[in-house]
Amino acid sequence: QVQLVESGGGSVQPGDSLRLSCLASGRRINTLSWGWFRQAPGKEREFVVGISRSPGRSGIADSVKGRFTISRDNAKNTVDLQMNNLKPEDTAQYYCAARTGGDYMPAPKMYDYWGQGTQVTVSS
């Protein structure tokens with residue numbers, strides 16, 4: 001069984017940076033495809049960024065392009081989300097998710113495992 005635990009959320013000001021980390025247990029991260037999602041109050045869960053099991057294949061939402069980056073740390077068995085130049089509209093609960101399929105998917109229903117989420121709040 002795969003368990004995911006997110007960390008790194010917090011309250012920051014516009015323009016600040018945060019790094020979220022998703023620690024996986026029960027399976028090596030390079031055997032799974034990954035996605036980061038977020039959900040703001042009253043809104044549906046939305047895709048932020050994903051990375052496939054195969055190296056070099058990733059995707060990102062237009063709303064965060066140029067500001068957010070996903071990466072894998074095989075030594076720590078974590079999948080990280082670096083968020084720069086944060087904006088108030090980035091405020092949400094952030095979730096990491098993993099699937100056993102070969103590619104990341106933008107649809108939340110395609111993922112097999114989810115973390116509990118970590119809150120990111122951006123305000124002045």
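The structure displayed is predicted, hence computed values, not measured ones. Just so it is clear, the values below take in all heavy atoms, side chains as well, and ignore hydrogens, waters and symmetry mates. Start at 1 with the first residue, then count along the sequence.
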Keeping the roles fixed (side chain from [X], backbone from [Y]), state whether a donor-acceptor pair exists under 3.5 Å.
{"X": "T91", "Y": "V122", "answer": "yes"}
{"X": "D73", "Y": "S21", "answer": "no"}
{"X": "S33", "Y": "R53", "answer": "yes"}
{"X": "D112", "Y": "T100", "answer": "yes"}
{"X": "E6", "Y": "G117", "answer": "yes"}
{"X": "R38", "Y": "A92", "answer": "no"}
{"X": "Q3", "Y": "G26", "answer": "no"}

Please report the closest heavy-atom contact between [X] and [Y], naming both atoms and the distance.
{"X": "G9", "Y": "T118", "answer": "N-OG1, 3.2 Å"}
{"X": "I51", "Y": "Y104", "answer": "N-CB, 3.7 Å"}
{"X": "F47", "Y": "P106", "answer": "CB-O, 3.4 Å"}
{"X": "I29", "Y": "A24", "answer": "CG2-CB, 3.8 Å"}
{"X": "V5", "Y": "Q116", "answer": "CA-OE1, 3.7 Å"}
{"X": "V48", "Y": "Y94", "answer": "CG2-CE2, 4.4 Å"}

Is any side-chain heavy atom of [X] closer than 4.5 Å to a side-chain heavy atom of [Y]?
{"X": "W36", "Y": "V49", "result": "yes"}
{"X": "D90", "Y": "M83", "result": "no"}
{"X": "C22", "Y": "W34", "result": "yes"}
{"X": "L4", "Y": "V2", "result": "yes"}
{"X": "L86", "Y": "Q13", "result": "no"}

Assess whether side chain to side chain donor-acceptor pair (under 3.5 Å) is satisfied between Q82 and N84, documenting all intermediate values.
CA-CA 7 Å; Q82 178 66 41; N84 298 327; 2.8 Å; yes
Nearest 0.5 Å, what's the [atom1]-[atom2] distance between [X] and [Y]?
{"X": "N74", "Y": "N30", "atom1": "CG", "atom2": "CG", "result": "5.0 Å"}
{"X": "K87", "Y": "R67", "atom1": "NZ", "atom2": "CZ", "result": "4.5 Å"}
{"X": "E46", "Y": "S63", "atom1": "CD", "atom2": "OG", "result": "5.5 Å"}

Same cluster or not: are [X] and [Y] linked, directly or through other Ile, Leu, Val, Met, Phe, Trp or Tyr residues, by side-chain heavy atoms under 4.5 angstrom apart?
{"X": "M105", "Y": "F68", "answer": "no"}
{"X": "V79", "Y": "I60", "answer": "yes"}
{"X": "L20", "Y": "Y111", "answer": "no"}

For D80 and R72: C-alpha separation, side-chain torsions, deciding distance, then whether salt bridge (charged side-chain N to carboxylate O under 4.0 Å, His left out) applies.
CA-CA 6 Å; D80 299 332; R72 288 181 290 212; over 6 Å; no
Can you tell me how the ring of W114 sits relative to the ring of F37, calling it parallel under 30°, perpendicular over 60° and tilted otherwise?
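W114 and F37: tilted rings.
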Is a donor from one side chain sitting under 3.5 angstrom from an acceptor on the other, for D103 and S52?
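Note: D103 and S52 side chains meet the donor-acceptor criterion.
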Within 6.0 Å of CD in E89, more than 12 heavy atoms from elsewhere
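Yes, because the 6.0 Å sphere around CD of E89 holds more than 12 heavy atoms from other groups.
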Verify salt bridge (charged side-chain N to carboxylate O under 4.0 Å, His left out) between D62 and K65, making sure each step is shown before the conclusion.
CA-CA 5 Å; D62 288 341; K65 194 172 293 183; 3.1 Å; yes
Assess R45 against Y95: is NZ or CZ under 6.0 Å from the centre of the six-membered ring, and within 45 degrees of the ring's axis?
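The answer is yes; both the distance and angle limits are met.
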